[in-house]
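Beneath this line is the structure, given in structure tokens, with notes to follow.
In what follows, residues are counted from 1 in the order of the sequence shown. Remember, it's 1-based here, ligands and their atoms both numbered in the order they're listed.
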Amino acid sequence: MTNTLWDVVIVGGGPAGYSAALYCTRAGFSTLVVEMLSAGGQMATTSAIENYPGFVKSVDGFELAMNMQQQAEKHGAQTFYAQVEKMELNGPIKQLETSEGTLQAKTVILATGADPRMLGIDREQALRGRGISYCATCDGGFYRNKTVAIVGGGNSAAEDALTLSKLCSKVYLVHRRDKLSATQSYLLPLQKAENMEFVWNKKVVELGGENRLERITLEDTLTGEQSQLELDGLFVAIGRVPNTQLVAGQVELDPQGYVVADETTRTNLPGVFAVGDLRQKPLRQVVTAVADGAVASKFVEEYLAHWEN
Ligand code: NAP
């Protein structure tokens, strides 16, 4: 794989990456997906996806990921398991240094997604999976009839709060402002849920408990006063951080770190495309990620038609 000049190398094997692979390989291009661990990205950690069209009973994210990979590979795409360490994306031949050797490509499709933003406080990493979670859909079931809190004020926090209010005995929604920025459709059901309590103008400053999270310390953003909440679980839903560090300085990024690329998926660099969650877009969902992958193949084709070294 390292001795080939690939038509297309796709970095990241989530839904956007494998959909790009499927369309590019079917268009007749030699196509390689570079994936670090296993297919699916964030999607693979979701047990029941209910809003991906075509699945009446919902679909398991891991299973959907495996199917997307197999489908792309059935049509000729290949997968290279390695960590990309450095990319040189200028010029007609792109160089990708990986843990398993250097790859060369005429085009590169960036599909590395985005990770949950962390609170950035002491012991957060140590307690991750021990009372701290970044995905209510994935981990909510572990907190049935327990007391939990969600941090955040956007759609993710509101959606998580609704999910958890149906499972848990008590749900606190902690936000550093005095109102949510979530869409209206979430607000009414949240206000109606009897086990929901809004905790306004507070930020989490300390995580307590020996081997598991047992309590959090909150600080009032207006008065500085501190208080504590006894909890079984804390769900952090404060946005996402795009995985674009490797291309910073080469590919144009917006102030939040997302790749600047419109519906064509083209970036500022000729022959470099961005698909899925790492791209600027109004809605980050599996369905919009796979659409990006398909669209990218059209512009890859256009670029390769005029490619010369
Ligand atoms: P978001 O809209 O960026 O909201 C992040 C929230 O976290 C804000 O309330 C922010 O507060 C707060 N926050 C950020 N950093 C914090 C910190 N260090 N400590 C405490 N609070 C912090 O992120 P999101 O809710 O994950 O949504 C991301 C995108 O996905 C949005 O476009 C959203 O509409 C979309 N989404 C859509 C749906 C849906 O349509 N069903 C569901 C989920 C997500 P401040 O306002 O104070 O910064």
Do Thr79 and Glu73 have side-chain atoms, one donor and one acceptor, less than 3.5 Å apart? yes
Check the pair Val9, Phe80 against side-chain contact (heavy atoms from CB on, under 4.5 Å), reporting the backbone distance first and the verdict last. CA-CA 10 Å; Val9 167; Phe80 186 57; over 6 Å; no
Considering both backbone and side-chain atoms of Met118, is one of its nitrogen or oxygen atoms within less than 3.5 Å of a nitrogen or oxygen in ligand 1? no
Between Ser181 and ligand 1, does any nitrogen or oxygen pair lie at a separation below 3.5 Å? no
How about CZ on Arg130, more than 12 heavy atoms from neighbouring residues, nucleotides or ligands closer than 6.0 Å, or not? no
Among Asn155, Thr183, Asp277, which one has a heavy atom closest to atom 36 (N) of ligand 1? Asn155
For atom 42 (C) of ligand 1, closest protein heavy-atom neighbour: Glu159 OE1, 3.1 Å
Heavy-atom protein neighbour under 4.0 angstrom from atom 31 (C) of ligand 1: no
Winner among Gly154, Ser156, Ser185 once heavy atoms are compared against atom 24 (P) of ligand 1: Ser156
Give me the residue, atom name and distance of the protein heavy atom closest to atom 9 (O) of ligand 1. Gly153 N, 3.0 Å
Under a 4.5 Å cut-off applied to non-hydrogen side-chain atoms, are Leu5 and Lys106 in contact? yes
Starting from Leu188, walk the hydrophobic network (Ile, Leu, Val, Met, Phe, Trp, Tyr; side-chain heavy atoms closer than 4.5 Å) and list everyone else you reach, by chain and number. none
Under 3.5 Å donor-acceptor, Glu124 side chain and Leu119 backbone: yes
Check whether Arg284 reaches the backbone of Leu278 with its side chain - one donor and one acceptor, N or O, closer than 3.5 Å. no
contact_flag His175 ligand 1 heavy-atom lt 4.0 Å: yes
Would a search of protein heavy atoms around atom 13 (N) of ligand 1 find one under 4.0 Å away? yes
Distance from Asp277 atom CG to Asp292 atom CG, nearest 0.5 Å? 9.0 Å
A student comparing Pro282, Ala237, Gly239 should find that the heavy atom closest to atom 3 (O) of ligand 1 comes from Gly239
Of Ile238, Asp160, Leu180, Leu119, the residue with the heavy atom nearest atom 21 (N) of ligand 1 is Ile238
Heavy-atom closest pair (Lys202 atom, Asp220 atom, distance to 0.1 Å) is NZ-OD2, 3.0 Å
Asp178 (side chain) donor-acceptor with Trp200 (main chain) under 3.5 angstrom: no
Arg240 and ligand 1 - part of the residue with a heavy-atom distance under 4.0 Å: neither
Heteroatom proximity flag, Arg117 to ligand 1, N/O under 3.5 Å: no
Whether Arg240 side chain and Gly113 backbone form a donor-acceptor pair below 3.5 Å: no
Looking only at protein heavy atoms, what sits closest to atom 19 (N) of ligand 1 is Arg176 NH1, 3.7 Å
Would you say the side-chain atoms of Ser169 and Asn195 include a donor-acceptor pair closer than 3.5 Å? no
What protein heavy atom sits nearest atom 41 (N) of ligand 1, and how far away is it? Tyr186 OH, 2.7 Å
As a test of the contact definition, would atom 6 (C) of ligand 1 count as having a protein heavy-atom neighbour under 4.0 Å? yes
heavy-atom search around atom 40 (O) of ligand 1 in the protein gives Leu283 CD1, 4.1 Å
Note: Arg284, heavy atoms under 4.0 Å from ligand 1, region reported as neither
If you measure every N/O of Arg177 against every N/O of ligand 1, is any gap under 3.5 Å? yes
